[in-house]
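What you see is a predicted model, and the numbers here were worked out from it, not measured in a lab.
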Amino acid sequence: MTTENDLDRLFDILIVGGGAAGCVLASRLSERGDKQILLLDAGPDPVAPGNEHPDIVDPFCLVASGNSAFRWPGLKANVGVGHRSESSASTPYIQGYGVGGASNINGMGADRGLPGDYDEWSLKGVSGWNWKDVLPYFKKLEHDLDFQEPRFAAIHGRDGPMPIRRVPRDQWGSFAAAVAEVANEKGFPFLIDYNAEFGDGVASVPTNCLPNRRVSAAMAYLSREVRQRPNLIIKPHTLVKRILFSQQRATAALVRINGYDRIIKAKEIIICGGAIQTPALLIRSGIGPKTQITELGVQLVRDSPGVGIDLQNHPCITLNTYLPEHAFQLADNPHFLQNWMRFSSHHEQCTPSDMHLMMFNKGAWHALGQRVGSVTVTVLKPYSKGKVTVESQDPGVSPRIDFNMLSDDRDEARLTNGLRFAFQLLAHPKVARMRHEIFMPDYRIVQSLSRPTRWNAFKASIISSILDRTLARRLLLTKLLVDMPALLTNERSMRAFVSKHTRPQFHPCGTCRMGAEHDTEAVVDGAGRLYGVSALRIADASIFPSIPRGYTHLITIMAAEKLSDEVKQTWQSKQSDLRIPSERRAQGS
């Protein structure tokens, strides 16, 4: 049991944020027994070995994401689609809260993105991050359960802490399988290995989920053995208010524990708060756009205009359908993710394989969810960018999130065409036999039934029994029904539909991006070190120079593995990397 006195020492590394990246760093850096490592997180520790919360362990991911105890409280986002008047409206936005972070509640998709994504990072002036550089870390993190033969050793890992497996094609739910079959008939091949075949096609989803349970980053990296290391302390329920500096050098963190403020000192601090909380913490600490920091009344440490800008995310639209009984997902398949596909928009200004389609055969844990299938269309390589800003010094006040989605015309055009493609698949006779009406999700109902309680199970059962009747279903869903033929023949209506129903995925990145030292909007170098200050790094999705054509969970773990090695190499070389990088000297006071 950690006591307050245990925090009085000078730590070698203080890790701020116990999400996926923080778990990796805590595990890897504490392998050095002579280094004192402290991991702090504002939320609970719901995945301590032997005491994992059942909602998180559940292999059906929406059980965990429906539990508000594991989501950042009060977080909202302005979707800001295009230039429509509703763009200023805020909607609840989910981000992981507690040790394990988003990996406790996400969909468990474990894809790597495409090699060209990392080669693009190199072209943006970031050395050491091309595909050949990052592949060893993808292999290091994984224990691929499907590709264990020696012939796969060049592309897959067999000894990493994170298990990766797939629902076999012959076990896909009937609705999801029908959509995939029609896509195949339209020329999209079945890919055996989505993480090693990089063209367009349909594949089983690689997931960090065993047949009967989730394996989050905390479960994989903070095992019982790791947690017993005497040089590692994990401290949940600890809110970091700001980083403290002396002569442009990070020296400590001001934190709140049990309602009281105290200072924790460290030789080096690594921030792993994610693309929303990391820039917010920097700005509260005096690092960020000078104007914003001045307006907050915070002492300026470093004028860093790139902090909080370049917020990127994957825009998407989800279509639901009510399933006939013969299309239900079988009880021995408890997983949310079945199959998905990459495809190309063929937009002349866009890269290939820039679009994505996910097929789901079950929409929730309860009886009503069993009857709901869906497809989600996503722009994998968006160009629209938003920002994160801070409006209060109080860390209890959530930062302002503006996604500004579809503000780039290329994104709107591609999502619109992607929706047309989804309509074509859904209209095909093979898919039509596996579904009833197409309708839009009612997120209020979804949220109200998300917790796995007896009362919610009863309510869902009653609703499903009513919706099983065709006339009642059509009457109750009238305002949510989608008239696909009408939309396909009316371009104006189609674009209005896209503007109204576009939502952000949960893959924010880019708000403290890596870049070359001459790039004035770059926040960190290729080793995660902040320009202009010393003894401070960032190791999370906020440092991505551009958004990958893949979901960000596994990519964040890869980046944390790589940056862990960067820190270890510094220790081994006995050369301090706590100086201010190169010629970009400190600004401010």
Side-chain angles (χ1 to χ4, degrees), residues 81-82 84 86 173-188 200 202 315-328 338-341 343-347 354-361 363 371-379 405-406 409-443 445-446 466-503:
V81 177
R84 60 189 177 91
E86 302 99 314
S174 299
F175 168 74
V179 177
E181 183 179 345
V182 172
N184 177 249
E185 292 177 1
K186 290 182 176 294
F188 295 93
D200 292 355
V202 185
C316 69
I317 294 179
T318 295
L319 304 168
N320 283 353
T321 185
Y322 206 73
L323 300 176
E325 188 172 356
H326 64 266
F328 288 0
Q338 304 292 299
N339 48 21
W340 61 17
M341 65 177 292
F343 64 102
S344 298
S345 68
H346 301 294
H347 192 292
D354 56 335
M355 301 293 295
H356 199 249
L357 187 77
M358 288 187 286
M359 305 75 136
F360 306 103
N361 221 100
R371 292 161 166 79
V372 176
S374 58
V375 297
T376 295
V377 185
T378 303
V379 179
M405 309 208 90
L406 306 192
D409 291 341
R410 293 170 291 182
D411 297 348
E412 181 184 28
R414 288 180 295 160
L415 190 54
T416 302
N417 286 332
L419 188 62
R420 290 192 181 96
F421 176 59
F423 285 169
Q424 293 169 10
L425 296 177
L426 292 168
H428 192 281
K430 288 186 177 181
V431 178
R433 288 195 293 268
M434 296 293 172
R435 67 167 180 84
H436 291 306
E437 300 85 0
I438 303 297
F439 62 96
M440 299 308 296
D442 187 324
Y443 292 104
I445 294 177
V446 172
I466 295 172
L467 294 180
D468 282 342
R469 299 175 175 86
T470 301
L471 180 58
R473 182 173 66 249
R474 290 176 179 172
L475 287 173
L476 290 175
L477 295 177
T478 297
K479 294 183 179 180
L480 300 174
L481 291 177
V482 178
D483 188 340
M484 295 192 298
L487 288 172
L488 286 170
T489 56
N490 189 317
E491 179 68 19
R492 186 173 182 179
S493 296
M494 187 74 164
R495 289 186 176 272
F497 182 89
V498 169
S499 291
K500 180 178 180 180
H501 295 292
T502 296
R503 294 290 184 272

side-chain contact (heavy atoms from CB on, under 4.5 Å) with Ser344: which residues, sequence neighbours excluded? Asp200, His346, Pro352, Ser353, Asp354
Side-chain heavy-atom pair Lys500, Met440 within 4.5 angstrom cut-off: no
Roughly how far apart are His436 NE2 and Leu323 CG, rounded to 0.5 Å? 8.0 Å
By side-chain hydrogen bond (donor to acceptor under 3.5 Å, both in side chains), which residues pair with Lys186, not counting sequence neighbours? none
All side-chain hydrogen bond (donor to acceptor under 3.5 Å, both in side chains) counterparts of Asp483, not counting sequence neighbours: none
For Met434 and Ala327, which heavy atoms make the closest approach, and how far apart are they? O-CB, 3.5 Å
Would you say Phe423 and Val375 make side-chain contact, with heavy atoms under 4.5 Å? no
Closer than 3.5 angstrom, by distance alone: can the side chain of Asn339 be matched with the main-chain N or O of Ala176 as a donor-acceptor pair? yes
List in chain and number order the residues that pass ring-ring contact (aromatic ring centres under 6.0 Å, His included) with Phe421, two or more places apart in sequence or in another chain; answer none if no residue qualifies. Phe188, Phe343
Check side-chain hydrogen bond (donor to acceptor under 3.5 Å, both in side chains) between Gln424 and all other residues, then give those that pass, not counting sequence neighbours. none
Minimum heavy-atom distance between Ala183 and Val202, given as atom pair plus value: CB-CG2, 4.0 Å
With sequence neighbours excluded, what pairs up with Phe497 under the ring-ring contact (aromatic ring centres under 6.0 Å, His included) test? His501
Side-chain contact, heavy-atom cut-off 4.5 Å: Phe175 with Leu426? yes
Rounded to the nearest 0.5 Å, what's the gap from CZ on Phe328 to CG on Asn361? Could you check? 10.0 Å
Taking Asp468 first and then Arg371, would you say they form a salt bridge - that is, a charged N and a carboxylate O separated by under 4.0 Å? yes
Show the nearest heavy-atom pair for residues Ala422 and Val377, with the distance to one decimal. CB-CG2, 3.6 Å
Nearest 0.5 Å, what's the CE-CZ distance between Met405 and Arg503? 11.0 Å
Test of understanding: with salt bridge (charged side-chain N to carboxylate O under 4.0 Å, His left out), list the residues that count as partners of Arg474, not counting sequence neighbours. Glu437
Closest contact, heavy atoms only, Ala178 versus Lys430: CB-O, 3.8 Å
For Asn184, enumerate each residue passing the side-chain contact (heavy atoms from CB on, under 4.5 Å) test, keeping only those at least two apart in sequence or located in another chain. Phe190
Note, Asp442 side chain near Leu480 side chain (heavy atom, < 4.5 Å): yes
Who passes side-chain contact (heavy atoms from CB on, under 4.5 Å) against Thr376, sequence neighbours left out? Cys316, Thr318, Met358, Phe360, Thr378, Gln505
List in chain and number order the residues that pass side-chain hydrogen bond (donor to acceptor under 3.5 Å, both in side chains) with Asn320, two or more places apart in sequence or in another chain; answer none if no residue qualifies. none
Applying side-chain contact (heavy atoms from CB on, under 4.5 Å), can you list everything that pairs with Ala496, at least two apart in sequence or on another chain? none
Please report the closest heavy-atom contact between Ser174 and His326, naming both atoms and the distance. OG-O, 3.7 Å
Closest heavy-atom pair, Pro315 versus Leu415, reported as atoms and distance to 0.1 Å, is O-CD1, 4.3 Å
Which pairs pass salt bridge (charged side-chain N to carboxylate O under 4.0 Å, His left out) with one or both residues in residues 484-494, sequence neighbours excluded? Arg420-Glu491, Glu491-Arg495
Would you check if Met355 and Val379 make a side-chain contact, meaning some heavy-atom pair closer than 4.5 Å? yes
Within the side chain of Thr502, is there an N or O that forms a donor-acceptor pair under 3.5 Å with the backbone of Ser499? no
Taking C-beta and beyond as the side chain, do Leu319 and Leu419 meet within less than 4.5 Å on heavy atoms? yes
